[in-house]
Every structure is written in structure tokens, then in C-alpha cells.
Amino acid sequence: MTDEQMPVKIKVKTDVEHEGENETFELSLFGQLFKKGGSTFLKYDEVQDEGVVHTIVKLAEESALILRSGALKMRMIFEQGEQLNGSYESQYGTLLITTETINFTHEINDIGTGQALLTYKLLMQGDPVGTYTMNIYYELEEQL
């Protein structure tokens, strides 16, 4: 695997727990996978009410990064056991977001299928928003 981008199918399932309430969000979409400097990168676009959001997920050995741009801008950094600051920009201004990573694992096999599991507490402007469990599964699309 090299820096070349390869088409992948991506499934993202996010469970959110906040004050005893649970919500689940699921996305199935197509994107691109590439490797750089020992990390795996996933790129995909999400269509939301506000417009298109371009997302890049960087999966390293012990950390992850989610960058979003377009209709909304967000930067979230994850490192096991760490509280790290990021940002969320909307039409209302920029908010400080803090992630406290509880658990992060990333497994990939030789045929380009992988899975990342990320559990974190999210704070916005210092206030708890909830505990998120994000499961990202990806597989290379069959080349015709």
C-alpha cells in the first residue's frame, strides 16, 4: 500500500449516551483510503442539511484525528487517556471542544479491510455533551 488513493466502502456507527439517553447514528458511504507515514487516512463526503461536509479521518497506532471542512469545520484529536482540545466552527462562531479518549483501537488486515473503535467523552466550551462510541469499518471496493 502506498500514497495512492484507493476506493473504499466506509460504515460509521456512532452511539451517543447523554444523561441516560441513547442515540445511534449510522452512515454508509464511499470514500478513499490512503497510507502515509505509517497512518491510514480515510476521506469521504457527507451531505447534511447545511451542505456538503468533507471529512478526513487519520488513524495512527495510538491516536486518531478527525478533520471536517465545508458546511461545518471541526478538528477533533484523540489519544488514549488524554484530554485534548479541538475546535468546532459553525455559522454561530467557533467553539472549543475537548475530547477525553477512553478507548481507541485500530485493526487492519492485509487485504485493506480495517476497523477502528473509538470511545470518548465530548465537552463543548467545558460542558459535557455526552459519551460517544464510534465504530468505523472500511473495506476496499472490488476493482473491476
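These numbers come from the heavy atoms of this one structure, side chains and all, not from hydrogens, waters or symmetry mates. Note that the numbering runs from 1 along the sequence shown for the chain.
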Using 4.0 Å as the upper bound for N to carboxylate O, is an ion pair formed by Glu46 and Arg68? yes

Kindly compute the distance separating [atom1] ([X]) from [atom2] ([Y]), expressed to the nearest 0.5 Å.
X	Y	atom1	atom2	result
Thr98	Glu100	OG1	CD	9.5 Å
Ile97	Glu89	CD1	CD	10.5 Å
Ile66	Lys58	CD1	NZ	13.0 Å
Arg75	Asn85	CZ	CG	11.0 Å
Met6	Glu4	CE	CD	5.5 Å
Thr99	Ile77	OG1	CD1	7.0 Å

To check you understand the geometry: which heavy-atom pair defines the closest contact between [X] and [Y], and what is its length?
X	Y	value
Ala60	Ser39	CB-OG, 3.5 Å
Leu96	Gly86	CD1-O, 3.5 Å
Gln115	Tyr138	N-CE2, 4.1 Å
His18	Pro128	CE1-O, 3.5 Å

Applying side-chain contact (heavy atoms from CB on, under 4.5 Å) to Leu42 and Ile10, what does each step give before you reach the verdict? CA-CA 9 Å; Leu42 298 171; Ile10 302 168; 4.3 Å; yes

Tell me if a side-chain donor or acceptor on His54 pairs with a main-chain N or O of Ser69 at a distance below 3.5 Å. no

Please check this pair: side chain of Thr101 against backbone of Gln80, looking for a donor-acceptor N/O pair closer than 3.5 Å. no

Does [X] reach the side chain of [Y], with side-chain heavy atoms less than 4.5 Å apart?
X	Y	value
Thr40	His106	yes
Leu59	Val57	yes
Phe41	Ile56	yes
Ile102	Lys121	yes
Ile108	Lys35	yes
Val12	Asn135	no
Glu141	Val8	no
Leu118	Ile136	no

Without placing hydrogens or testing angles, list every side-chain donor-acceptor pair under 3.5 Å for residues 23-34, not counting sequence neighbours.
unit_1, atom_1, unit_2, atom_2, d
Thr24, OG1, Asp15, OD1, 2.6

Stepwise, does the side-chain contact (heavy atoms from CB on, under 4.5 Å) test hold for Gln5 with Lys43? CA-CA 9 Å; Gln5 297 193 14; Lys43 279 176 39 174; 3.4 Å; yes

Go through it in stages, so that I can follow the logic: the residues are Tyr132 and Tyr120, the test is ring pair (Phe, Tyr, Trp, His ring centres under 6.0 Å), and I'd like the CA-CA distance, side-chain angles, deciding distance and then a yes or no. CA-CA 5 Å; Tyr132 288 66; Tyr120 61 96; 5.3 Å; yes

Tell me whether [Y] is reachable from [X] by hopping between hydrophobic residues (I, L, V, M, F, W, Y) whose side-chain heavy atoms are closer than 4.5 Å.
X	Y	value
Tyr137	Phe104	no
Met124	Leu72	yes
Leu95	Leu123	no

Is the number of heavy atoms from other residues, nucleotides or ligands under 6.0 Å of Gln125 CD greater than 12? yes

Test Thr119 against Thr131 for side-chain contact (heavy atoms from CB on, under 4.5 Å), laying out the working first. CA-CA 7 Å; Thr119 304; Thr131 299; 4.2 Å; yes

